[in-house]
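Presented below is the structure to which this report refers.
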Amino acid sequence: MGRLNNGLFGGFQGRVGNLVGYMLNGKPIIRLIGHSTKPLSPARKANCQKMTVINDFLRPHLNFIRTGFRLITAGTDRNFYNEAVSYNKKHAVQGVFPNITMDYTKALVSMGNLLPAAKTEISKHKDGIEFKWEVPADLLWEHRNDRAMLLIHFPDAKVSTAVMSGSRRHEGREVVAIDPSLAESRIEAYISFINEDATEISDSVHAGSLNHFETNSKETKSQETPSPQQPTTPVHQQKSSNKTPQRSRQQNKSFHRISSRFNSSNTTHNYTYTPPPS
């Protein structure tokens, strides 16, 4: 049931019939709950698959997304998650229905105006995954102590590991511990920077990928290996006959006949048979 907060003409919270009321960023929101019985059009099917792909990517690291998009939505009625969905749905999906997938290299997990990371790379380390980034020789002093925000996403397992306040920018590296059971899983890594008082954040950068070769090799191998073909029954073509059709064989045929109509002894008559014109 719904609850009136400010009298009969105020907003309400909860559900009344097919209406739901709630507060979003300090503003009362009322929305309709409905269910369409119409068949989905191709465009709606594509949109549904895009939303599924984006949600599978974003939900495992909500805390990171919350921090990453909090500043860009501050002072507005926009929601951090909706902002992340909006950007990534527009820029980080690829393919056409029903084969829509993420383009992880174009995804953003934070958005802001701070100086982003440059020349990033990741590699396996005995303690986890090592991130490295370039430290420019002319790096401004105000950016030296920016903290690295590091995200490791495992697409196949649909889980993530994050460090919200890592090494300082001028250190140029950080090792992130991960679950050992995921060490051979496919990895997509991202890095952002946030300043010391958390008033500025950078756009995230795709830091690199790991364990793609094994996955792609298996897929390529399975695609290249021909499936066993069903044995086909040999078709025996009918040999062309050199025999002359019956009617042709009878044309101009001479044959020998013994007449018995007469009492003469074995009188021999020769006949020639010529068929009528067809």
Side-chain angles (χ1 to χ4, degrees), residues 57-74 80 83-84 87-88 91-92 102-216:
F57 170 64
L58 294 177
R59 282 177 178 165
H61 36 269
L62 280 180
N63 287 336
F64 199 104
I65 298 296
R66 182 180 289 105
T67 301
F69 286 86
R70 175 180 59 83
L71 296 175
I72 203 71
T73 57
F80 76 91
E83 194 73 12
Y87 178 88
N88 286 289
H91 298 283
M102 280 291 298
D103 184 346
Y104 294 102
T105 64
K106 296 180 180 179
L108 280 189
V109 291
S110 73
M111 184 182 292
N113 299 318
L114 197 63
L115 181 68
K119 296 184 179 179
T120 61
E121 63 178 64
I122 61 171
S123 60
K124 293 182 180 179
H125 188 277
K126 63 182 181 65
D127 295 323
I129 302 297
E130 183 177 26
F131 286 73
K132 290 184 179 179
W133 58 89
E134 181 186 51
V135 181
D138 57 350
L139 180 65
L140 296 177
W141 185 266
E142 62 184 282
H143 295 312
R144 283 177 53 83
N145 292 326
D146 295 340
R147 292 285 188 176
M149 292 175 55
L150 307 166
L151 176 69
I152 300 175
H153 180 55
F154 303 91
D156 299 329
K158 296 183 180 180
V159 297
S160 296
T161 297
V163 172
M164 304 301 294
S165 182
S167 298
R168 299 183 187 275
R169 189 194 291 262
H170 70 85
E171 296 177 28
R173 65 180 295 274
E174 170 80 33
V175 176
V176 179
I178 63 171
D179 184 344
S181 66
L182 296 172
E184 300 304 320
S185 297
R186 187 157 54 111
I187 288 175
E188 303 290 346
Y190 300 87
I191 178 173
S192 307
F193 284 109
I194 189 168
N195 65 355
E196 288 189 290
D197 56 1
T199 57
E200 290 184 280
I201 195 170
S202 72
D203 283 355
S204 63
V205 172
H206 183 258
S209 305
L210 288 176
N211 301 328
H212 272 240
F213 178 78
E214 294 83 351
T215 302
N216 293 338

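Hydrogens, waters and symmetry mates play no part in the numbers below; they use all other heavy atoms, side chains included.
Annotation: salt bridge (Lys or Arg N to Asp or Glu O under 4.0 Å) contacts of D179 (sequence neighbours excluded): none. With sequence neighbours left out, the salt bridge (Lys or Arg N to Asp or Glu O under 4.0 Å) criterion links R147 to no other residue. Contacts of E121 classified as side-chain hydrogen bond (donor to acceptor under 3.5 Å, both in side chains), with partners at least two apart in sequence or in another chain: none.
Atom CD1 of I122 is separated from atom CD of E174 by 13.5 Å, given to the nearest 0.5 angstrom. Note that the CE atom of M111 and the OG1 atom of T73 stand 10.0 Å from one another [nearest 0.5 Å]. Here the straight-line distance linking atom CZ of F80 with atom CG of L58 works out to 9.5 Å at 0.5 Å rounding. Here the CD-CH2 distance, from E171 to W133, works out to 7.0 Å after rounding to the nearest 0.5 Å. Distance CD1/I187 to NE2/H212: 9.0 Å, rounded to 0.5 Å. Separating the OH atom in Y190 from the OG1 atom in T105 is a distance of 7.5 Å, to the nearest 0.5 Å.
Between S110 and S202, the shortest heavy-atom contact is OG-O, 2.7 Å. Closest approach of M164 and F64 over heavy atoms only: SD-CD1, 3.7 Å. The minimum heavy-atom distance between A198 and R70, with the atom names listed, is O-NH2, 3.4 Å. For A84 against F69, the heavy-atom pair with the smallest separation is CB-CE1, 3.6 Å.
The shortest side-chain heavy-atom distance between I201 and I194 falls under the 4.5 Å cut-off. Within the 4.5 Å cutoff, side-chain heavy atoms of L115 are placed close to those of L139. Contact of the R59 side chain with the I65 side chain is not registered, since no non-hydrogen atoms from C-beta on lie closer than 4.5 Å. Side-chain contact between Y104 and R186 is present, with heavy atoms from C-beta onward closer than 4.5 Å. You'll find the side chain of F131 stays beyond 4.5 Å of the side chain of T120, heavy atoms only. Looking at heavy atoms from C-beta onward, P116 lies in side-chain contact with V205 at the 4.5 angstrom threshold. Taking the side chain as every heavy atom from C-beta outward, F154 and I178 approach each other to under 4.5 Å.
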Quiz item: Should F57 and H153 be marked as a ring pair (Phe, Tyr, Trp, His ring centres under 6.0 Å) after you check the CA-CA gap, both sets of side-chain angles, and the distance that decides it?
Solution: CA-CA 8 Å; F57 170 64; H153 180 55; 5.3 Å; yes
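Looking at N88, its side chain never comes within 3.5 Å of a backbone N or O of A107 through a donor-acceptor pair. In this structure, E200 contributes its side chain and N195 its backbone to no donor-acceptor pair below 3.5 Å. The closest donor-acceptor contact from the side chain of T161 to the backbone of I152 lies at 3.5 Å or more, if one exists at all.
Of the options L151, D203, T67, I191, a side-chain contact (heavy atoms from CB on, under 4.5 Å) to V109 is made by L151 and by none of the others. Considering K124, R173, H125 as possible partners of E130, the one that fulfils the side-chain hydrogen bond (donor to acceptor under 3.5 Å, both in side chains) test is R173.
For N113, the CG atom counts as loosely surrounded, since its 6.0 Å shell holds 12 or fewer non-hydrogen atoms of other residues, nucleotides or ligands.
Between R168 and E196 there is a salt bridge, with a side-chain nitrogen of the basic residue lying less than 4.0 Å from a carboxylate oxygen of the acidic one. Ion pairing between E142 and R169 fails under the 4.0 Å rule for side-chain N and carboxylate O.
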